[in-house]
There are 2 protein chains.
Amino acid sequence: MQTLSTEDYLKAIYHVSQSSSGAVATTSIAKQIGAKPSSVTDMFKKLSDQNLVKYQKYQGVSLTNEGVKTALRIIRKHRLWESFLVSHLNFNWDEVHQVAEQLEHIQSEKLTNELERFLDYPTHDPHGDPIPNRALFMKTYNKILLNELPVNKEGVCVGVKDNSSNFLRYLDRRQIGIGTPLQVLHREDFDDSLHIQAGKSTLMITIKIAENIYVKP
Amino acid sequence: MQTLSTEDYLKAIYHVSQSSSGAVATTSIAKQIGAKPSSVTDMFKKLSDQNLVKYQKYQGVSLTNEGVKTALRIIRKHRLWESFLVSHLNFNWDEVHQVAEQLEHIQSEKLTNELERFLDYPTHDPHGDPIPNRALFMKTYNKILLNELPVNKEGVCVGVKDNSSNFLRYLDRRQIGIGTPLQVLHREDFDDSLHIQAGKSTLMITIKIAENIYVKP
DNA sequence: TAACAAATTTAGATATATCTAAATTTTATT
DNA sequence: AATAAAATTTAGATATATCTAAATTTGTTA
């Protein structure tokens with residue numbers, strides 16, 4: 001297939017390492033990237049030669065400081081572009097990912113920094129994910145999954161875990177978005193479904209949905 | 001070196017064919033792209049297989065209708081992005097080219113069309129070059145080179161032929177830009193230099209400069 | 001028009017990124 | 001602890017884009 005760049009690998013390693021502890025395994029990156037494990041091994045060696053990852057045979061990789069920085073620079077661009085597409089170019093939050101995947105590889109520090117200024121230094125992208133600032137620092141506030149929110153406690157939707165179009169469009173249909181007040185009214189023990197208050201309407205959602213919505217209590 | 005895409009070749013062929021008549025020669029593209037003639041031949045075959053150019057051995061290429069369309073789509077994106085960079089991201093007109101070279105390859109019709117709307121359907125880019133609209137049609141108004149402007153006839157700068165940073169910064173220093181009123185006051189026959197009125201100041205320029213400035217009489 | 005020069009193409013080399021399949025190492029299970 | 005299963009790496013194959021150098025074609029000039 002197509003040549004996937006160093007940058008895509010670093011981003012993949014960063015994301016996998018965020019959602020699990022310890023070194024990142026060859027197979028997990030292979031799955032994420034859609035490449036064969038042998039190709040991933042080759043790339044691990046290449047990244048290791050550039051001191052972007054620490055790599056020990058059979059033990060997976062972990063990002064070096066330089067590797068983390070490079071990953072964050074790409075994530076910064078990705079999320080700034082997503083913000084731009086939604087705020088100025090009439091994109092819906094479920095449409096931005098594919099285009100941002102391309103835009104994140106554009107190389108120009110000035111472009112990135114001016115885009116950030118133009119958007120007035122946003123701290124979060126349209127999915128609620130934090131945007132690293134110029135110094136690559138990002139504010140992560142305390143957030144929990146909706147299924148962890150105690151019954152009758154009020155919260156606000158601040159993000160989603162699953163970014164797929166399918167899921168985001170589901171939320172659109174239910175009129176749930178970033179900023180929507182959410183509250184669990186009743187938890188059905190039998191099938192783990194939840195009755196919730198979302199804005200002004202009440203509705204029933206499955207546990208799987210609740211596990212993909214972040215709320216700030 | 002790096003892999004130059006089909007798109008870069010089509011754009012190069014388009015530009016060369018604009019400034020000369022008949023088929024486009026292998027060598028001229030090799031120079032433009034910075035590749036060896038043998039590589040260009042290979043690409044000509046590939047483009048021919050895709051019906052983007054007509055190619056006859058030893059006779060050079062010419063774009064097919066489909067090839068022209070593809071080239072114009074890229075030029076459209078390039079010039080829209082240049083406009084955006086200058087109008088909203090504080091880029092100077094001599095800084096935009098390199099970044100636009102990257103942005104022009106982003107694939108998303110919606111992105112292009114929304115960008116055009118956001119910019120309020122601009123007809124010309126920061127260098128005065130016409131921007132193809134959604135139907136790939138562009139308005140080219142009558143323009144001549146400054147050295148063709150009769151002495152004492154008034155004109156307005158509407159574009160530049162050379163887009164290099166060097167030349168554009170030269171014009172900046174002389175306070176000449178798109179829209180600047182220009183007039184040839186005197187033509188020095190001995191060395192072909194020109195005394196001109198540019199806005200409110202008079203200055204002397206060489207013939208080489210005058211040959212790279214477009215004016216509308 | 002013959003012969004040379006320039007342009008172009010072809011053939012084969014190099015470099016890169018990916019893959020398949022086999023070999024090796026680690027992890028899990030009995 | 002021995003063995004099976006899973007994960008990982010290695011070795012070699014394939015495909016692509018580029019190059020160099022030689023061969024071919026076109027054009028130019030004596």
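Chain letters run A, B, ... following the sequence lines, proteins first and then strands; every chain starts at 1.
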Whole-Å distance separating the NZ atom of A:K46 from the C1' atom of C:dA15: 12 Å
Validation: residues 204-211 of chain B side-chain donor-acceptor distances under 3.5 Å, sequence neighbours left out:
none

Whole-Å distance separating the CD1 atom of B:I29 from the C1' atom of D:dT18: 17 Å
Integer-rounded Å distance: D:dT9 P and A:F44 CZ: 8 Å
Whole-Å gap separating C1' (D:dC19) and CE (B:M43): 15 Å
Salt bridge B:R73-B:E7, side-chain N to carboxylate O under 4.0 Å: no
Parallel, tilted or perpendicular: rings of A:F118 and B:H88 (30°, 60°): perpendicular
Salt-bridge contact A:E116-A:R134 (side-chain N to carboxylate O under 4.0 Å): no
Between P of D:dA13 and CG of A:D42, the distance in whole Å: 16 Å
Check: A:D162/A:S164 side-chain N/O donor and acceptor closer than 3.5 Å: yes
With B:D94 via salt bridge (Lys or Arg N to Asp or Glu O under 4.0 Å) - residues at least two apart: B:R169
B:T41 side chain, from C-beta outward: closest of D:dT9, C:dT9, C:dT10: C:dT9
SB check B:R79 B:E82 (cutoff 4.0 Å): no
Sequence neighbours left out, cut at 3.5 Å: what donor-acceptor pairs do the side chains of residues 29-47 of chain A make with other protein atoms?
residue : atom : partner : partner atom : Å
A:T41   : OG1  : A:P37   : O            : 3.2

Output one line per pair: protein atom, nucleotide atom from nucleotides 20-26 of chain D, and distance, for all N/O pairs under 3.5 Å.
residue : atom : partner : partner atom : Å
D:dT20  : O4   : B:S38   : OG           : 3.0

Would you mind writing out the side-chain donor-acceptor pairs for residues 137-147 of chain A within the sub-3.5 Å range, not counting sequence neighbours?
residue : atom : partner : partner atom : Å
A:Y141  : OH   : A:H124  : NE2          : 3.4

C:dT9 phosphate, OP1 or OP2, under 4.0 Å from B:T26 side-chain N/O: yes
Rounded distance in Å - CG (A:L47) to C1' (C:dT16): 15 Å
A:Q56 CD to C:dT25 P, straight-line distance once rounded to whole Å: 15 Å
Strand contacts (DNA chain C) in residues 12-24 of chain B, 4.0 angstrom heavy-atom criterion: none
Earlier contact from the 5' end, DNA chain C, for A:V40 and B:P37: B:P37
